[in-house]
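The basis for the numbers below is simple: all heavy atoms, side chains too, and nothing from hydrogens, waters or symmetry mates. Note that the structure is predicted; figures quoted are calculated from it, not measured.
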Amino acid sequence: MLVYPSALDLSTRHLQFLTDRLAAHRVACGTRWRWLSAGRQALLVLAHLRLGHTYAQLAAGFKVGVSTVYRYIAEAVGLLAARAPDLATAVTAASAKAFVILDGTLLPIDRIAADRPFYSGKHKKNGMNVQVIANAHGKLLWASPALPGAVHDIKAARTHGIIDALSREGLACWADKGYQGAGGTVRMPFRGRWDRLSAGQRAVNTAHARIRALGEQAMATLKTWRLLRKLRCSTTRITSHVQAVLALHLTCSN
């Protein structure tokens, strides 16, 4: 296999943060020797999450076995996922804000058409449904555990308890028509054809769309981690990958 240099569009803060976490974990476990140092392991994991490089590519680039790459990534992802905030923490932290934006996204997976639970009729592809909460400036605050792509956004929001959590804090939330009937503090645009809406309803929908557009920045933030653009791992491990990315983003972008 040919090997070539590559670059990561991340700051050294990401590398140092993950290196410190891995080094502390090795001390706690009493690890005496590894093929790669904590810094090299951190670089390997970031290359996987940010660039989506496969185990085989990473094994060749770092001159270790594929099984070693798998163990290194699983270890680091577990440490990062444990640091991701839960819904209650995220909503409490956002309660001082004027409002938040709720939206759902589909993370594509490599499943065949026969896997109906993962097929999203809206997106016409297989994937996992992830709910995202952003602040009024479009900054990513929280990402939910992944559900099969066939799950509708409103059902996913109820399953995760998002609507109840927002209502308890009295936190206003802007969402699209996919959350129709959510109730609580969730605000949605008026339904119906544009030409059948009144002038006031059109103005409200236009303002609503401008606010929700900021939420797309949070989605874009999530998708800059190219592993999430096409997941090839088991669906049971996707949540931990999303939480790991969330923890890295929140910790290293503040």
For the student: nearest non-hydrogen atoms of [X] and [Y], plus distance:
X: Gly104; Y: Gln131; value: CA-NE2, 3.7 Å
X: Ala76; Y: Leu18; value: CB-CD1, 4.4 Å
X: Ser240; Y: Arg237; value: OG-O, 2.7 Å
X: Pro85; Y: Gln243; value: O-OE1, 4.3 Å
X: Ile101; Y: Gly215; value: CD1-N, 3.7 Å
X: Leu79; Y: Arg83; value: O-CG, 3.5 Å

Just wondering, do [Y] and [X] contact through their side chains at under 4.5 Å, heavy atoms?
X: Leu214; Y: Gln217; answer: yes
X: Asn205; Y: Arg202; answer: no
X: Tyr72; Y: Arg34; answer: yes
X: Gln41; Y: Arg26; answer: yes
X: His241; Y: Cys233; answer: yes
X: Leu44; Y: Arg40; answer: no
X: Ile238; Y: Pro145; answer: no
X: Leu106; Y: Met128; answer: no

Mind checking whether [X] and [Y] sit in one hydrophobic cluster, side chains of I, L, V, M, F, W, Y counted as touching below 4.5 Å?
X: Val45; Y: Leu36; value: yes
X: Phe17; Y: Leu246; value: yes
X: Val151; Y: Ile162; value: no
X: Ile211; Y: Leu141; value: no
X: Leu231; Y: Leu51; value: yes

| message | I'd like to know if Asp103 pairs up with Arg212 as an ion pair, taking the criterion as any Lys NZ or Arg NE/NH1/NH2 lying under 4.0 Å from an Asp or Glu carboxylate oxygen. | response |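 No salt bridge links Asp103 with Arg212.
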For [X] and [Y], indicate whether the former's side chain and the latter's backbone hold a donor-acceptor pair under 3.5 Å.
X: Thr185; Y: Leu171; result: yes
X: Thr251; Y: Ala247; result: yes
X: Thr31; Y: Trp33; result: no
X: His208; Y: Ala203; result: no
X: Thr224; Y: Thr221; result: yes
X: Thr239; Y: Ala146; result: yes

Over 12 foreign heavy atoms within 6.0 Å of NZ, Lys177: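 Yes.
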So, taking the atom named [atom1] in [X] and the one named [atom2] in [Y], what distance separates them when rounded to the nearest 0.5 Å?
X: Leu227; Y: Leu46; atom1: CG; atom2: CG; answer: 12.0 Å
X: Tyr179; Y: Arg158; atom1: OH; atom2: CZ; answer: 11.5 Å
X: Phe118; Y: Leu147; atom1: CZ; atom2: CG; answer: 10.5 Å
X: Leu102; Y: Leu166; atom1: CG; atom2: CG; answer: 7.0 Å
X: Cys29; Y: Leu22; atom1: SG; atom2: CG; answer: 10.5 Å
X: Glu216; Y: Lys223; atom1: CD; atom2: NZ; answer: 9.5 Å

Quiz item: How far apart are the C-alpha atoms of Phe62 and Val69, what are their side-chain angles, what is the distance that settles it, and do they pass the side-chain contact (heavy atoms from CB on, under 4.5 Å) test?
Solution: CA-CA 9 Å; Phe62 286 84; Val69 171; 6.0 Å; no
Ring pair (Phe, Tyr, Trp, His ring centres under 6.0 Å) evaluation trace for His48 with Tyr55: CA-CA 8 Å; His48 178 65; Tyr55 293 163; 5.4 Å; yes
**Asked** Would Leu49 and Leu228 count as a side-chain contact (heavy atoms from CB on, under 4.5 Å) if you check the C-alpha gap in whole Å, the side-chain angles of each, and the deciding distance to 0.1 Å?
**Response** CA-CA 8 Å; Leu49 295 175; Leu228 302 182; over 6 Å; no
- Does the side chain to side chain donor-acceptor pair (under 3.5 Å) test come out yes or no for Asp164 and Ser167, once each step is laid out? CA-CA 5 Å; Asp164 291 339; Ser167 298; 5.4 Å; no
### Message
Tell me which pairs pass ring pair (Phe, Tyr, Trp, His ring centres under 6.0 Å) where either residue lies in residues 81-107, with sequence neighbours left out.
### Response
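Ring pair (Phe, Tyr, Trp, His ring centres under 6.0 Å) check on residues 81-107 returns Phe99-Trp174.
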